[in-house]
Amino acid sequence: MSSSVRVRFAPSPTGPLHIGGVRTALYNYLFARKMGGTFILRIEDTDQTRFVPGAEQYILESLAWLGISPDEGVGADGPHAPYRQSERKELYKAYADQLIREEKAYYAFDTSEELDAMRTMFESKGSAFQYNALTRVKLRNSLALPAAEVQALLDANTPYVIRLKVPAKGEIRFQDSVRDWVHVHTSSIDDKVLMKSDGMPTYHLANVVDDHIMEITHVIRGEEWLPSAPLHILLYQAFGWTAPQFAHLPLLLKPEGNGKLSKRDADLGGFPVFPMEWTDPQTGAVSKGFKQEGYLPEATLNFLAFLGWNPGTEQELFSLTELVDAFSLERINKAGAKFDVNKAKWFNEQYLKQQAPELLAKEYLGHLPAEQGLAFVSLFLDRITFPQELSTLVAAFIEKPSNYEEAVIQNKWNAEAEKGLRLLADALPKVAVWQADEIKHAIHECLEAAGIKMGKVMQILRVALSGNGAGPDLMISMQLWGKDQVVERLTAALQAFPKNS
RNA sequence: GGUCCGUUCGUCUAGGGGUUAGGACACGUCCCUUUCACGGAUGAAACACGGGUUCGAUUCCCGUACGGACUACCA
């Protein structure tokens with residue numbers, strides 16, 4: 001028995017991995033790395049009806065994109081293979097049978113319809129139906145029925161489920177790494193189904209069995225599992241196993257209003273809730289992904305890490321290795337965190353500025369000469385949130401203005417400005433070395449000689465050349481446009497602008 | 001309805017029995033700049049409420065309110 005830390009991320013392949021799931025994976029990864037442990041990926045595909053083709057692949061690709069791929073498990077192999085629960089079906093059956101033999105679990109023959117009927121009946125009386133120590137004696141199961149009848153039902157291949165025999169009295173308590181002591185009475189836990197009638201285990205059984213067999217030391221998962229944690233403890237006790245340490249993570253909430261973050265929020269808010277783009281194989285509907293929106297993996301990771309955890313210092317920018325260093329379960333918050341797209345964008349801007357300009361130029365401005373691409377990157381980098389904006393910004397920059405910003409013309413276009421522009425139209429072609437500082441010098445001299453202040457002309461010059469009243473450094477812009485282009489644009493503008501009387 | 005969990009600026013959060021309750025995003029103002037952006041400075045902005053305990057509570061305890069999760073042969 002090794003004492004080293006082993007954690008797992010155990011998603012169901014029922015669709016694209018939700019961003020909250022990504023954060024769970026991240027925290028598991030960080031903790032594993034921090035402790036020198038192992039990060040395992042297990043696929044929990046025990047619900048055959050909800051299986052979505054491509055989902056597993058999507059999970060793997062998403063983790064790979066973020067650089068938090070598993071050390072062991074699906075996509076990485078390992079000593080406990082297979083890591084897909086559907087491929088471990090027989091195993092669970094054996095453990096369920098063991099509990100039957102030890103009388104810690106029992107067969108139940110009630111049909112879904114019968115149970116539904118019970119629920120509606122209880123509901124009409126204003127209470128909730130629970131399959132538990134109180135009700136099971138009156139239901140169709142191996143605890144209530146005579147042994148001979150049970151055997152007969154079994155022999156006749158009557159569909160059945162296996163349920164855990166939860167004790168009527170008792171208190172379950174465990175110490176959660178995030179929430180400290182949590183206690184609950186067994187009376188509020190019902191006799192959960194362990195094995196479904198299709199022969200597949202439920203989450204609860206498969207999860208506990210696998211976590212034990214795979215020697216998982218810490219279960220780090222979303223808060224939605226907190227209510228079933230006591231049941232899992234019960235299961236560990238039934239098997240006589242030591243339960244792992246639990247850490248239940250706070251939920252990721254909607255940016256506005258209440259409730260947990262959902263796919264709908266993404267559609268409404270125009271931001272992604274999935275790491276990568278996802279096309280629904282059924283409907284063909286496409287959901288946005290962080291990757292395709294232009295979020296860098298480092299930024300996504302950093303943003304996600306801070307949703308529910310913080311290092312306790314004022315540092316906010318953390319590389320993955322720095323996160324590993326700083327991470328601890330104790331500093332995870334209890335309360336849910338609202339997803340704030342502004343913060344995500346800010347992180348992206350920070351990491352974007354740290355990117356190698358050569359790489360950005362190559363990737364987004366590859367159609368231009370390298371030197372020119374680089375010049376554009378430095379011109380636009382601190383004005384953008386997503387790298388692909390580089391392409392559109394540069395395309396617009398290269399395009400001749402098709403119209404001129406009206407408001408600026410209204411305010412700044414007057415006889416003096418016109419005089420200035422005409423002088424520049426004469427002076428600019430004579431600039432010997434077409435370089436930003438030389439251009440600036442020439443403009444300066446030209447206007448000064450005429451007694452015109454720079455401020456009176458510069459913005460209108462910008463509009464004349466680019467069409468816009470605001471934009472990047474004009475002198476460098478002019479250098480990049482080239483002398484001929486600048487003269488051409490200036491001449492065109494002089495013609496297009498209204499006449500001053 | 002029941003069980004469990006939670007609650008510090010609009011948002012993410014630090015803090016913790018005595019603090020000018022700190023930082024970041026977003027927002028406002030100013031500076032830088034020919035403009036915008038970046039950057040810098042600065043401002044507005046919070047301890048859900050009520051009871052205890054205490055010399056003192058935002059911090060500890062108990063209630064209330066509000067929010068959330070769960071309550072399937074889904075995970």
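Here is the naming used below: chain letters follow the sequence lines, and residue numbers restart at 1 for every chain.
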Exercise for review: Name the nucleic acid region contacted by A:His183, choosing base, sugar-phosphate or nothing; use a 4.0 angstrom heavy-atom cut-off, strictly under.
Suggested key: sugar-phosphate
**Study point:** Distance in angstrom units between A:Leu234 CG and B:C4 P, rounded
**Key:** 15 Å
Review point. How far, in whole Å, is B:G68 from B:C61 if one measures between their C1' atoms?
Key: 24 Å
Exercise for review: Could I get the full list of side chain to side chain donor-acceptor pair (under 3.5 Å) partners for A:Asn132, not counting sequence neighbours?
Suggested key: A:Gln130, A:Thr135
Review point. Hey, does A:Ser228 have a side-chain heavy atom less than 4.5 Å from the side chain of A:His204?
Key: yes
Practice item. If B:G6 has a Watson-Crick or G-U wobble mate with both distances under 3.5 Å, name it; if not, just say none. Key: B:C66
Review point. How long is the line joining CZ of A:Arg331 and C1' of B:C12, in whole Å?
Key: 14 Å
Practice item. Using a heavy-atom cut-off of under 4.0 Å over every strand shown, decide if A:Asp473 touches base, sugar-phosphate, or nothing. Key: base
Point to revise | For A:Phe303, ring pair (Phe, Tyr, Trp, His ring centres under 6.0 Å) partners two or more places apart | key: A:Phe339
Review point. If the P atom of B:A48 is compared with that of B:C9, how far apart are they to the nearest Å?
Key: 7 Å
Exercise for review: Could you pick out which residue, A:Met458 or A:Phe339, lies toward the 5' side of RNA chain B when each is mapped onto its nearest nucleotide?
Suggested key: A:Phe339
Check your understanding: Should B:A45 form a Watson-Crick or G-U wobble pair with both distances under 3.5 Å, which nucleotide is its partner?
Key -> none
Check your understanding: Which pairs with one or both residues in residues 375-396 of chain A pass ring-ring contact (aromatic ring centres under 6.0 Å, His included), sequence neighbours excluded?
Key -> A:Tyr295-A:Phe386, A:Phe376-A:Phe397, A:Phe380-A:Phe397
Check your understanding: CD of A:Gln315 versus C1' of B:G22: gap in Å, rounded?
Key -> 17 Å
Point to revise | A:Leu381 CG - B:G39 P separation (whole Å) | key: 11 Å
Check your understanding: Which part of the nucleic acid, if any, lies within reach of A:Arg462 when heavy atoms closer than 4.0 Å are counted: base, sugar-phosphate only, or nothing?
Key -> base
Review point. Which part of the nucleic acid, if any, lies within reach of A:Gly471 when heavy atoms closer than 4.0 Å are counted: base, sugar-phosphate only, or nothing?
Key: base
Exercise for review: Determine the interatomic distance between C1' on B:A46 and the same-named atom on B:U54; round to the nearest Å.
Suggested key: 25 Å
Exercise for review: Could you check whether A:Gly222 gets within reach of a base, just the sugar-phosphate, or nothing at all, counting any heavy atom under 4.0 Å?
Suggested key: nothing
Review point. Can you check the A:Lys334 NZ to B:C12 C1' distance for me, whole Å?
Key: 17 Å
Exercise for review: Please measure how far the C1' atom in B:U13 lies from the corresponding atom in B:U8, and state the result in whole Å.
Suggested key: 9 Å
Review point. In a check of side-chain contact (heavy atoms from CB on, under 4.5 Å) between A:Leu91 and each of A:Glu87, A:Arg88, A:Lys89, A:Lys93, which one passes?
Key: A:Arg88
Exercise for review: Answer yes or no for A:Arg331 and A:Phe327: cation-pi contact, defined as NZ/CZ to six-membered ring centre under 6.0 Å and angle to ring axis within 45°.
Suggested key: no
Exercise for review: Name the pairing partner of B:C38, where a pair is Watson-Crick or G-U wobble with both distances under 3.5 Å, or state none.
Suggested key: none
Check your understanding: Any side-chain N or O of A:Asn333 less than 4.0 Å from the OP1 or OP2 oxygen of B:C12?
Key -> no
For nucleotides 23-30 of chain B, which of its nitrogen or oxygen atoms have a protein nitrogen or oxygen under 3.5 Å away, and what is each distance?
residue	atom	partner	partner atom	Å
B:G23	O4'	A:Glu314	OE2	3.2
B:A24	O4'	A:Glu316	OE2	2.6
B:A24	O2'	A:Glu316	OE2	2.6
B:A24	O2'	A:Lys343	NZ	3.2
B:A24	N3	A:Lys343	NZ	2.9
B:C25	OP1	A:Trp346	NE1	3.4

Check your understanding: What's the closest nucleotide to the A:Ala335 side chain, out of B:G15, B:U13, B:U7?
Key -> B:U7
Check your understanding: Distance between the C1' atoms of B:C27 and B:U19, in whole angstroms?
Key -> 26 Å
Exercise for review: Round to the nearest Å and state the distance from A:Arg23 atom CZ to B:C12 atom P.
Suggested key: 12 Å
Practice item. Starting from P on B:U34, measure out to CE on A:Met454 and report it in whole angstrom. Key: 7 Å
**Study point:** Side-chain donor-acceptor contact under 3.5 Å, A:Asn141 with A:Tyr107
**Key:** no
Exercise for review: Please state how far atom CD1 in A:Ile443 lies from atom C1' in B:U33, giving the value in whole angstrom units.
Suggested key: 15 Å
Check your understanding: So, is A:Asn310 close to the B:U13 phosphate, meaning a side-chain N or O under 4.0 Å from OP1 or OP2?
Key -> no
Review point. Does A:Phe290 have its ring centroid less than 6.0 Å away from the ring centroid of A:Phe274?
Key: no
Check your understanding: Does NZ belonging to A:Lys456 count more than 12 external heavy atoms closer than 6.0 Å?
Key -> no
**Study point:** Nucleotide forming a Watson-Crick or wobble pair with B:C32, both distances under 3.5 Å
**Key:** none
Review point. So do A:Leu317 and A:Tyr351 actually touch side chain to side chain, heavy atoms under 4.5 Å?
Key: yes
Practice item. Give every residue pair that meets the side-chain hydrogen bond (donor to acceptor under 3.5 Å, both in side chains) criterion with at least one member in residues 167-176 of chain A, sequence neighbours excluded. Key: A:Gln175-A:Asp180, A:Asp176-A:His248
**Study point:** Nearest-Å distance once atom P is located in both B:G67 and B:C25
**Key:** 31 Å
Practice item. Would you mind classifying the nucleic acid contact of A:Lys353 as base, sugar-phosphate or nothing, using non-hydrogen atoms under 4.0 angstrom? Key: sugar-phosphate
Study note, to complete from the structure: Heavy-atom contacts, protein to nucleotides 62-75 of chain B, under 4.0 Å, summarised as B (base), S (sugar-phosphate only) or - (none) per nt, yield -----SSSS-SBBB
Point to revise | Option from A:Arg163, A:Lys165, A:Arg136 for which salt bridge (Lys or Arg N to Asp or Glu O under 4.0 Å) with A:Asp191 holds | key: A:Arg136
Review point. For atom C1', what is the distance between B:A21 and B:A45, given to the nearest Å?
Key: 13 Å
Review point. In whole Å, what separates the P atom of B:G10 from that of B:A44?
Key: 14 Å
**Study point:** Selected nucleotide, minimal atom distance to A:Val182 side chain, candidates B:C4, B:U34, B:A14
**Key:** B:C4
